[in-house]
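Counting from 1, the numbers follow the sequence of the chain as shown. Each ligand, and each atom within it, is numbered from 1 in the order the structure gives.
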Amino acid sequence: MKYQAEFRDRQLAEQLSLQIKKAITRPWKIMEVCGGQTHTILQFGLEDLLPSELELLHGPGCPVCVTPVSLIDKAIEIAKTADVIFTSYGDMLRVPGSSCDLLQARALGADVRIVYSPLDAVELAKKYPSKRIVFFAVGFETTAPANAMSVHLADKLGLTNYFVLCSHVTVPPVMSSLLEQPDNIVQAFLGPGHVCSIMGVEEYREICQRYKVPIVISGFEPIDILEAILMALLQLERGECRLENQYARAVVTAGNLHAQQVMSEVFSLSERIWRGLGPIPESGYRLAEKYREFDAQNEFPEVISERAESCICISGEILRGLKKPPQCPAFAKECTPETPLGATMVSSEGTCANYYKFKNTQIN
Ligand code: SF4
């Protein structure tokens, strides 16, 4: 595919692999933050191109995986309400709540619809004024601008039947939280390229300075990731802790100012519970006071208490890079993508799901 093949070039991958092997003098642990990067690493077998001294840790960057079970349960309860049309991207529909998922709720009669944009949900609100349309807004800073725009538009159109169930999480606080853990083993990060294309890079520069870790903002193709690993490794070997941008074709220092402006108008920062990790201060978005009438949490105020994870699930340790999926006794046995027991098996970007699907494939 045009503009993609050059970032999947086998010879270039082998050259980068050689440079990495030549540069390394001792063991290092580098975490890729983003679930999309984890997916590429496992899909293309990139770990097989790395020296044994270099360990990749797969981080918490899958927003579907870190959405708390209580919020999935709440989504299901809202979807079952008689006058509600519940809308969501497809990947949320089969994420298990404590007793069923949204697809099963639909099979039992709930009006649950897949949309490709929150603007489709706004269209439904225009088309069905006697229904309450709820959009399940899940994601990192990458999806937040379009979701903010939908609220802004609904307000402009005077719609009173459009609501957002907000489960947005933000990346820098979880990186800081990981680095502050007493058992932290992360020595450098590959930063989330798509998030930085929206938010810019300054928050990541602050993390480098505060915690003395190298961060390399990385793209998502195999060559991007190998190049970013090399850049991070060279910093580690030289004792540096700078921010570097491997993904310069998409990320500029300031990010997308228009997107940031609509996000800061519609959302405000709030504490978020991360499935597998627990609460992290100011690590998510909620609707700002001015837009509170569009908040599904206000419109459907019943509180659903948090459910405990399966007692054998070690996804919290996996999300912190402390363990790998095959170390979980349930991996590929009781726990599979069809029957997920924990956070990291529920989405195509989850580390356990990717290990299950790709662990034996090679770059080609
Ligand atoms: S394999 Fe399943 S049970 Fe084990 S850590 Fe992963 S999600 Fe949890």
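Atoms of ligand 1 lying under 4.0 Å from any heavy atom of C313, numbered from 1 in the order shown and given with element: 3 (S), 5 (S), 8 (Fe). Close approach of ligand 1 to M345 (heavy-atom distance below 4.0 Å) involves ligand atoms 7 (S). Counting atoms of ligand 1 from 1 in the listed order, those under 4.0 Å from a heavy atom of T344 are 6 (Fe), 7 (S). Which parts of ligand 1 touch I318 is read off a 4.0 Å heavy-atom cut-off, strictly below it: atoms 5 (S).
Proximity of V346 to ligand 1, defined as any heavy-atom pair under 4.0 Å, is not found for any part of the residue.
Below 30°, between 30° and 60°, or above 60°: for F220 and Y247 the angle between ring planes is above 60°, a perpendicular geometry.
Looking only at side-chain heavy atoms (C-beta outward), I215 and M175 come within less than 4.5 Å of each other. At a threshold of 4.5 Å between non-hydrogen side-chain atoms, the residues I314 and I318 count as touching.
If you check which protein heavy atom lies closest to atom 6 (Fe) of ligand 1, you get C352 SG, 2.4 Å. When hydrogens are left out, the protein atom nearest atom 5 (S) of ligand 1 is I314 N, 3.4 Å; that is the closest non-hydrogen contact. Ranking protein heavy atoms by distance to atom 2 (Fe) of ligand 1, first place goes to C335 SG, 2.3 Å.
Remark: R249 qualifies as a cation-pi partner of F7 under the 6.0 Å distance and 45° angle criteria applied to the six-membered ring.
Salt bridge E317/R320: absent, no basic N to carboxylate O contact under 4.0 Å.
Atom 6 (Fe) of ligand 1 has no N, O or S atom of C328 inside 2.8 Å of it.
Each of F140, F267, W274 was compared with H168 under the ring pair (Phe, Tyr, Trp, His ring centres under 6.0 Å) criterion, and only F267 meets it.
Under the 4.0 angstrom criterion for non-hydrogen atoms, S315 is in contact with ligand 1.
Ring-centre distance between Y162 and Y128: not below the 6.0 Å cut-off.
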